[in-house]
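Written below as C-alpha cells is the structure these notes are about.
Here is the naming used below: chain letters follow the sequence lines, and residue numbers restart at 1 for every chain. Heavy-atom basis, side chains included; hydrogens, waters and symmetry copies ignored.
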There are 2 protein chains.
Amino acid sequence: MASIHDVAKEAGVSVATVSKVINNYPDVSDKTRKKVSQTIKDLKYHPNVAARGLVKGRSWTVGVFVTSPFTNPFVTELLEGIKTALQNSGYDLVLLSTRFDDDSYSFVEHCLSRNVDGVVGFGVDRDDPHLEELLKSDIPTMFVDADIRGPRAGYITTENKAGTMQAVAHLAELGHSRIAFISGELDNAVGALRHEGYLEGMKTHKLNVPESYVKVSDYSMEGGTVAMNELMELKERPTAVVCTSDMMAIGAISVIHRSGLSVPEDISVVGFDNTYYSEIFSPALTTINQNIRSIGSHAIETLITMIENTDFLPPVVTEPSNLVVRCTTAKPGGAKS
Amino acid sequence: MASIHDVAKEAGVSVATVSKVINNYPDVSDKTRKKVSQTIKDLKYHPNVAARGLVKGRSWTVGVFVTSPFTNPFVTELLEGIKTALQNSGYDLVLLSTRFDDDSYSFVEHCLSRNVDGVVGFGVDRDDPHLEELLKSDIPTMFVDADIRGPRAGYITTENKAGTMQAVAHLAELGHSRIAFISGELDNAVGALRHEGYLEGMKTHKLNVPESYVKVSDYSMEGGTVAMNELMELKERPTAVVCTSDMMAIGAISVIHRSGLSVPEDISVVGFDNTYYSEIFSPALTTINQNIRSIGSHAIETLITMIENTDFLPPVVTEPSNLVVRCTTAKPGGAKS
DNA sequence: CTGAAAGCGCTTACAG
DNA sequence: CTGAAAGCGCTTACAG
C-alpha cells in the first residue's frame, strides 16, 4: 500500500504537509491542499492506523470485556446497538481474545498492549478478578447493567425498579394475589433494584409475600427452570410469576407446560428484557421492555465522550423501561372463564 | 506503560537483546535471558502491538466481514466458535465498523489501514460490491457458508445435500408423500445443494414434486412466514415442509398455528441449523444439525494457517451434518391416530 | 505557508 | 553472544 512518502513524492511536497492535509490542519494553502488531496485519491492512499497510533499513543479502538456467551440474546442485541453507534465514529471494536482460564492472563495488560482507547463491559461480575485492575488503570470504561464505578468508569442501566413495579401492578390489576418472583443474584444493583420493585409493587397492592415466593437463581433458561420447579412444589402455588430475564421466563414456562398446566390459563408469567425472542417464542412473552439497542449505542457514545475529554466525569445513565403485554399473562384461572 | 527501553536500561542490556528474548531467539546467553525475563516481569512490561506490527507489517488481528445482524442465531453461534478458536491463538478479532451505506467506503481499504492479517466472512452475498475488491486483494480470507473462492480465499460449509436428503428420508419414512421445500436463494452453493438434496431425496422415495411445492424466500422468520402462507393456499396442501433454516421453520410454524392447525399433528416441519433456539422453541424443532461452533473454529484455524503460510492453498472444508429429530415431525394425520 | 528532523516502540540485518 | 543503527509510517514542535 502507498505510504505517506509516496504521496509526498508524487505531490511534490513534504510528508509533513501531507500529514497536515490528512488531519485538516488550517495552515496549508488551498492549492497545496487540493493537489495533495487529489494525489491521495489517485494513489488510494489510506493512513496506516498503527503508525498513527504509535505516535499518538492511541488506537481508535474500543475493547470489549464480556464473560457471558454471545448466544445470550441480551448480549446479542447489545452488540447490535454497539455496532450501530460505532458506525461512523472512526472507532473499531476489538474482541480481546481473553484467556480467562489462564491465571497469569491480565485483561488490562492485554488492553494496554493493544493500546485500546476504552472498554465496554457487560456480563461482568462484581468480583471478577480482572475488575479491580481495570478500575485502577485509567482506561475509560462503560459498564452495562452493573453498578460499577471508578475514577474513569461509569455505567448504563435501565429503570429496573419502576419496570418491575409495572409488571406487578399489571398482574395485581388482573386479579392475581399470589405473585412470585424469580430473580438473578440480589447482591448487585440490577438484582437489588428489581427485587425492591417487586416488594414495593406487592406492598402498594397490599399483597402478601411469603418468603418462599422469592427465588434467586441465574439469568439463564436453566435458572428459570430450577426456580420454577421449586415454586411448583409449594402447597400455596403462585398464580403468577415475575422473572428477571426472558430466558428465565422461557425456562419457567417449559416447567409449567411439562407439569401439564397452561400459560397463561393456570399460571401467568412475565419476563424481563423484551429480547427478540420474547416475541417469537410461543406463547409470546409479556415482558418488561428495556431498550437494549439504545443502551448499547449510548454506552458507546458515552465512552467515546469520555475518551475524547479526559475531564468528562464517568456518568451513570438510566434508560426508561415499560411493560409490553403479550400472551403469557391473563386473569387467574383464565382457562375456565 | 514500560517500554522496551525501560526494560533494557533496568536489565543493563541493549533493546536489541530485550527484543531477542521477547521473541525467543536462540542467540542469547542463559544468564542474560534470565535477567531480562525477570525484569520484564518486574516492570510488567508488555510489548506494544502497534509498534511491533508497524515493523512486521502485520497486526495479529482478524477482521470480520458480516452483513447479517448479530441477532441471527447462526451468526451468534458462529461467533462463539470463532471466539473459542481465537482464545490462545495470539490473534484478536476486530469488528470493522463498516459504513456500507456510504458509497465511497471501501471495506478492503479499511482492512488495509488497520493492517488486518486475515478476514473471516459470513452472510456475504455473491454480488456484494466489496467482494470483488476483497478477492483481488491478497488478504487471506475464509468464507462461511458461501462458495466463494479466490487466490487467497477459501470457504467452509456443511454437507448441505446429504443433510437435506436425510430430512426428506425421515419424512418419507414417516409416511409423508406431500413434502414441500422452503428455501433461501437457489443461486449460491448452499441454496443449490440443499435444493438438490431435496429433489434427490424425493426422487429416491419416488415422490412427486409439484412446482408449487418449492418456495424460494429468505432465511429469516419473515421469509418462512411468507412462504408458508403461499403453501397454505394450495388445494393440495403439503403435509410436511422442509425449511432451510430454523428461523424459517419457526416462521412457518407460526403461520400453521395461526390458521388453526397443529404441528406436527397436521403438518410436520423440519428446520436447518440446529441453533440454540431450535431446542427451546416450543414445540422443539426437528432440524438438520450443522456443527456451527466447530465451523466457526475451523474457519479461524484454517485462516490462521493461511496467514502464516503464504503458500498454503485456500481450502474448501466441508463439515458433516445430521438430522436431529425432536417434536415437529410425526406421521401424517398424527392428530387423529 | 512549508519542510527538516526528532521521536513513537519495536525488529532486524550487520559488525564485532 | 551482544549492541549500534536503520527503518517501519506516521505526527509534531520548530525554524524559516
Side-chain angles (χ1 to χ4, degrees), chain A residues 1-37 39-40 43-61 90 92 109-117 308, chain B residues 1-37 39-40 43-61 90 92 109-117 308:
Chain A
M1 235 187 33
S3 82
I4 198 172
H5 285 100
D6 302 322
V7 176
K9 188 184 293 177
E10 181 73 19
V13 298
S14 73
V15 298
T17 301
V18 177
S19 176
K20 282 172 188 164
V21 350
I22 295 169
N23 294 288
N24 274 313
Y25 283 25
D27 60 336
V28 179
S29 75
D30 255 26
K31 199 179 149 208
T32 311
R33 186 185 302 279
K34 285 234 174 71
K35 195 195 319 173
V36 172
S37 301
T39 314
I40 286 176
L43 266 48
K44 296 194 166 208
Y45 167 71
H46 277 257
N48 178 314
V49 181
R52 175 183 285 175
L54 184 57
V55 7
K56 303 277 280 185
R58 46 207 254 50
S59 64
W60 293 272
T61 251
D92 287 317
E109 281 169 10
H110 195 166
C111 287
L112 258 20
S113 73
R114 277 273 178 217
N115 242 303
V116 142
D117 297 332
E308 297 180 349
Chain B
M1 236 187 35
S3 84
I4 198 172
H5 284 100
D6 302 322
V7 176
K9 190 185 292 175
E10 180 72 19
V13 298
S14 74
V15 298
T17 301
V18 176
S19 175
K20 282 173 189 163
V21 350
I22 294 169
N23 294 289
N24 273 314
Y25 283 26
D27 61 338
V28 180
S29 75
D30 256 25
K31 200 179 148 206
T32 312
R33 188 185 301 280
K34 286 233 174 69
K35 195 195 321 176
V36 171
S37 302
T39 315
I40 286 175
L43 267 47
K44 297 195 165 207
Y45 167 71
H46 277 256
N48 179 313
V49 181
R52 176 183 284 175
L54 184 56
V55 8
K56 303 276 281 187
R58 45 207 253 52
S59 65
W60 292 272
T61 250
D92 287 317
E109 280 168 10
H110 194 165
C111 287
L112 258 20
S113 72
R114 277 272 179 217
N115 242 303
V116 141
D117 298 331
E308 296 180 349

Q. Would you say the side chain of B:T32 lies within less than 4.5 Å of the side chain of B:V21, judging by non-hydrogen atoms?
A. no
Q: Could you pull out all residues at least two apart from A:R58 that satisfy side chain to side chain donor-acceptor pair (under 3.5 Å)?
A: A:Y91, A:D117
Q) Tell me, do A:R33 and A:N24 make a side-chain contact under 4.5 Å, heavy atoms counted? A) yes
Q: May I ask you to test the A:I22-A:I4 pair for a side-chain heavy-atom distance under 4.5 Å?
A: yes
Q: Report yes if some heavy atom in the side chain of B:N23 is under 4.5 Å from a heavy atom in the side chain of B:R52; otherwise report no.
A: yes
(Q) Is it the case that the side chain of A:S19 and the backbone of A:V15 share a donor-acceptor pair, with hydrogens and angles ignored and the cut-off at 3.5 Å? (A) no
Q. Which dot-bracket string describes DNA chain C (Watson-Crick N1-N3 plus N6-O4 or O6-N4, or G-U N1-O2 and O6-N3, all under 3.5 Å; [ ] crossing; | other strand)?
A. |||.||||||||.|||
Q) Which part of the nucleic acid, if any, lies within contact of B:S19, taking any heavy atom under 4.0 Å across all strands shown: a base, the sugar-phosphate backbone alone, or nothing? A) base
Q) Between which nucleotides of DNA chain C, 5' to 3', does chain A make heavy-atom contacts below 4.0 Å? A) C:dC1 to C:dG9
**Q.** 5′-ward residue of the pair B:V55/B:T32 relative to DNA chain D
**A.** B:T32
Q: Find out whether B:L112 and A:K44 are in side-chain contact, i.e. whether some heavy atom of one side chain is under 4.5 Å from a heavy atom of the other.
A: no
Q. Does B:S14 or A:D27 map to a spot on DNA chain D nearer the 5' end, using the closest nucleotide for each?
A. B:S14
Q.
What's B:K56 touching, base or sugar-phosphate or nothing? Going by heavy atoms closer than 4.0 Å.
A. sugar-phosphate
Q.
Between A:T61 and B:R114, is there a side-chain heavy-atom distance shorter than 4.5 Å?
A. yes
